[in-house]
Amino acid sequence: MKQGIVINEKINRDIEVLVEFIKIYCSGRHGNAEKNRIAARGPVGRCLEAHDLALCRECGRLLLHAVSKRLICPYDPKPSCKKCLTHCYAPGYRDKIREVMRYSGMRLIRKGGLGLIKKYFN
Ligand SMILES: [Zn+2]
C-alpha cells in the first residue's frame, strides 16, 4: 500500500472522467431528481473541489465511493478496472458504476467524445 494519499495528475484525470460519466448519467436518468452540490472532507473533497457539480443523492454517493476507491488504488499504473483482479468496489456500487459507464459511454460515442473513454480505459 502507498504511504498516505498523493493526488497526482493521473488521479485527477481519472476523477475528471468519473465526474463526467456520472454527470451525464445523472442528468439523463435522474433529470427530475433533486440535485445537490457534492462535497466531502479530506482528500476526496480536495479532488472534487475543482468540479462544480450537482448530482442526485444516489449518484452523489456513487461518485464519492468511486473517487475514494480511486484514491486508494494500490496499483501504479492503474490497470483498467475491467482487467483488475482486485474488485475494490462494494458490490452494489460495482453494478452501478458499470451501468453508468455503459450509459454514458454510449452517449459519448454518439457525441463523438471517444477521447474521454480512451483516456479512462487505457
Ligand atoms: Zn442521479
Side-chain angles (χ1 to χ4, degrees):
M1 279 305 264
K2 279 181 283 193
Q3 293 288 313
I5 287 171
V6 180
I7 301 168
N8 58 29
E9 197 46 43
K10 261 186 297 182
I11 290 182
N12 273 328
R13 220 173 48 200
D14 284 352
I15 286 171
E16 197 185 303
V17 175
L18 278 170
V19 164
E20 201 54 43
F21 271 72
I22 295 180
K23 222 154 75 174
I24 292 169
Y25 179 83
C26 192
S27 69
R29 279 289 177 84
H30 309 136
N32 298 322
E34 193 195 332
K35 311 263 197 285
N36 290 301
R37 200 171 184 286
I38 307 304
R41 287 168 198 262
V44 174
R46 282 207 303 282
C47 287
L48 293 175
E49 257 167 22
H51 304 280
D52 184 30
L53 82 161
L55 297 172
C56 76
R57 215 180 133 90
E58 189 189 335
C59 294
R61 277 170 50 181
L62 177 66
L63 179 67
L64 292 180
H65 186 75
V67 170
S68 66
K69 291 298 185 187
R70 179 61 189 91
L71 287 181
I72 59 171
C73 176
Y75 303 106
D76 188 18
K78 181 181 105 45
S80 86
C81 294
K82 222 191 260 171
K83 293 187 189 134
C84 186
L85 295 176
T86 308
H87 291 301
C88 68
Y89 276 46
Y93 288 111
R94 204 195 308 168
D95 293 341
K96 198 81 222 179
I97 199 78
R98 272 203 206 121
E99 194 188 323
V100 169
M101 291 294 166
R102 243 193 334 258
Y103 179 90
S104 301
M106 287 310 290
R107 290 241 160 154
L108 282 168
I109 288 168
R110 266 186 250 135
K111 287 197 310 192
L114 260 182
L116 199 61
I117 298 172
K118 288 205 182 110
K119 227 161 78 174
Y120 196 74
F121 292 105
N122 282 349

Which pair of non-hydrogen atoms, one from [X] and one from [Y], has the smallest distance, and what is that distance?
X	Y	result
Arg37	His51	NH2-O, 3.8 Å
Ile24	Tyr103	O-CE2, 3.9 Å
Leu64	Ala39	CD1-O, 4.5 Å

Any heavy-atom pair between the side chains of [Y] and [X] that's under 4.5 Å?
X	Y	answer
Tyr25	Leu62	no
Ile15	Ile7	no
Leu18	Met101	yes
Glu20	Leu108	no
Lys10	Lys78	no

Test side chain to side chain contact (heavy atoms under 4.5 Å, CB included) on Val19 and Ile38 and set out the steps.
CA-CA 11 Å; Val19 164; Ile38 307 304; over 6 Å; no
To the nearest 0.5 Å, what is the distance between [atom1] ([X]) and [atom2] ([Y])?
X	Y	atom1	atom2	value
Arg94	Arg98	CZ	CZ	6.0 Å
Lys96	Leu63	NZ	CG	13.5 Å
Cys56	Asn32	SG	CG	11.0 Å
Ile11	Arg70	CD1	CZ	5.0 Å
Ile22	Glu58	CD1	CD	10.5 Å
Glu9	Asp14	CD	CG	10.5 Å

Please answer whether the main-chain N or O of His30 pairs with a side-chain N or O of Lys35 as donor and acceptor at a distance below 3.5 Å.
yes
Geometric class of the His65/Tyr93 ring pair [parallel <30°, tilted 30-60°, perpendicular >60°]
parallel
